[in-house]
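One structure below.
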Amino acid sequence: MNMYLNFEKIPNQYKIKKEIIQNQFLINGKLVNWKGDLSPVYSTISSNKKYNPTKLGEIPNLGKKEAILALDSACDAFDKGKGIWPTMKVLDRIKAMENFVADMKTKRDVIVKLLMWEIGKNLNDSKKEFDRTVDYIYDTIEAYKQIDRDSAKFQKNSGINAHIRRGPLGIVLCLGPYNYPLNETFCLLIPALIMGNTVIFKPAKHGVLLITPLLQAFKKHFPPGVVNILFGRGRVLATPIMETGKVNVLALIGHSSSANALQESHPKKNRLRLVLGLEAKNPAIVLPDADLDLAIKECINGSLSYNGQRCTALKIIYVHEKIKDNFIKKFSKEVDNLNYGNPWDSNVMLTPLPEPNKPKYINSLVQDALKKGAKVMNKKGGEMCENYIYPSVLYPVTKDMQVYKDEQFGPVIPIISFKDINEPLNDMAESNYGQQVSLFGKDTKTLGPLIDTLVNLVCRVNINSSCQRGPDIYPFTGRKDSAFSTLSVRDALRSFSIRTFVASKDNDDNNKIIKDLLGSKKSNFVSTDYIL
Ligand code: G3H
């Protein structure tokens with residue numbers, strides 16, 4: 001199978017004409033020149049006839065010293081609560097964010113191009129990732145305005161006046177994933193910043209160069225030290241930062257093993273708030289009366305959009321015995337009809353995998369399943385080249401297979417058939433994960449009680465559709481090893497802040513002080529100004 005394209009076939013605007021040599025990092029409002037080692041950044045997409053990864057550029061390979069400098073810079077900017085940013089008027093923080101996003105929008109083309117090269121996301125989805133992130137920032141601004149409006153008042157209870165708002169938590173360490181290196185990272189970074197926290201941010205391993213066009217905008221629109229951006233290895237940089245005990249929030253989208261290790265290295269765990277989006281193994285359950293064409297379409301999308309490299313991807317499909325033959329036959333045919341190509345090619349769903357070892361790993365899952373009694377049900381399943389492995393539809397999958405246990409995060413679809421609905425329900429209850437489920441069927445007598453159980457096993461039950469995070473206004477979370485804290489536009493603002501308030505006994509002297517504070521506008525916190 002020819003799974004890479006020639007340089008000549010790459011449209012001119014998407015060709016890599018010049019490597020990006022990123023030799024700066026952002027600390028204390030300065031783009032510091034790095035004189036040490038640089039690490040190469042490669043794309044698994046080939047620019048030549050003979051397969052060869054394409055070098056896209058270089059990034060600093062920073063060490064512990066720079067990590068601690070970034071932490072100190074974030075601590076100085078927070079300045080024990082006295083910093084410009086945490087004490088600033090809400091409206092002024094919002095203005096800074098609006099200016100940032102205005103600059104960010106001018107970088108759309110270069111970031112979309114880098115999304116395609118660095119992580120192999122197709123053109124449409126890369127554009128969607130950028131636009132969705134910009135929308136998220138505007139929605140966050142609106143949600144914060146509403147939170148601020150709701151708190152532009154005093155309450156009185158038991159003779160005590162109270163002015164209650166949400167305040168920042170302090171220092172946030174922010175680590176994002178490779179599959180949504182812009183969107184998911186910014187879904188942490190933006191609410192953390194706007195609530196008045198100061199941040200140390202390390203981009204994901206893949207999808208790192210695409211952050212570099214934004215460094216100037218971060219430097220320009222936020223006070224020094226509010227955003228610090230490091231490049232290098234997560235373990236080398238994040239561990240010493242956590243060991244100081246100065247981090248107040250660990251915001252991480254990635255694997256629970258990294259989250260646990262980092263949490264462990266914090267000496268005062270009770271002080272550490274966690275905002276985590278972790279792994280999942282979302283199942284589809286296809287009931288005997290399901291609309292088969294619809295279920296197949298949704299399961300294809302759910303399991304294979306961005307090659308299954310989404311935490312919300314369908315990673316296991318349970319099909320009722322009565323319809324399994326028909327389902328598997330049609331599903332396998334549809335999988336074989338999917339196009340593989342480079343991200344900018346038209347109508348491609350399947351694109352190069354950004355992790356060089358991924359095809360080999362997915363193949364090991366397939367081989368293990370074959371050894372233990374499964375079959376590859378589609379003709380193209382398992383065909384490999386240097387940067388891809390064609391999706392395999394595996395059936396019958398059993399619990400001893402690695403593909404049943406692992407979050408595969410790639411193009412392989414395990415299918416299990418069931419007679420009794422308790423079989424998938426028990427598996428879900430035993431599973432380490434609890435993010436979402438897709439339920440396909442029509443009969444409300446069956447669906448009703450099933451929904452009542454499923455909502456207690458996961459955090460979103462999708463009726464006759466694949467799992468997904470959006471719309472971002474809805475809560476995104478999970479049980480067990482799948483998440484900690486809830487993210488949505490509004491919930492994220494809550495996750496990165498704490499309720500804090502000013503209380504005063506209701507007497508003439510105190511009331512005069514409060515009135516004077518409100519009239520003189522000497523405090524940014526004690527304010528009933530209404531943001532329109
Ligand atoms: O990787 C997990 C993402 O949050 C999934 O988001 O459902 O919009 O692809 P999505």
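Counting convention: from 1, in listed order, for ligands and their atoms alike.
- By the 3.5 Å distance cut-off applied to N or O atoms, Tyr180 is counted among the residues near ligand 1.
- A donor-acceptor pair under 3.5 Å links the side-chain atoms of Asn197 to the main chain of Ala192, judged by distance alone.
- Residue Lys480 places its NZ atom among more than 12 non-hydrogen atoms of other residues, nucleotides or ligands, all under 6.0 Å distant.
- When non-hydrogen atoms are compared, ligand 1 lies under 4.0 Å from the side chain of Asn179 (C-beta onward) but not from its backbone.
- Contact between Phe476 and ligand 1 is present, with at least one heavy atom of the residue lying under 4.0 Å from the ligand.
- Looking at Gln468, Arg132, Gln436, it is Arg132 that brings a heavy atom closest to atom 8 (O) of ligand 1.
- Taking all heavy atoms of Cys311, Gly302, Gly254 into account, the minimum distance to atom 2 (C) of ligand 1 is reached by Cys311.
- Arg469 CB, 3.3 Å is the protein heavy atom nearest to atom 6 (O) of ligand 1.
- A donor-acceptor contact shorter than 3.5 Å links the side chain of Glu129 to the backbone of Leu182.
- Given atom 5 (C) of ligand 1, the protein heavy atom at minimum distance is Thr312 OG1, 3.1 Å.
- Checking Ser438 against Asn282 by side-chain atom types alone, no donor-acceptor pair falls below 3.5 Å.
- Contact check on Lys315 versus Glu279 returns no salt bridge, with no Lys/Arg side-chain nitrogen under 4.0 Å from an Asp/Glu carboxylate oxygen.
- Under a 3.5 Å cut-off, the side chain of Thr198 and the backbone N or O of Ala74 do form a donor-acceptor pair.
- In this structure, atom 4 (O) of ligand 1 lies nearest to the protein heavy atom Glu184 OE2, 2.5 Å.
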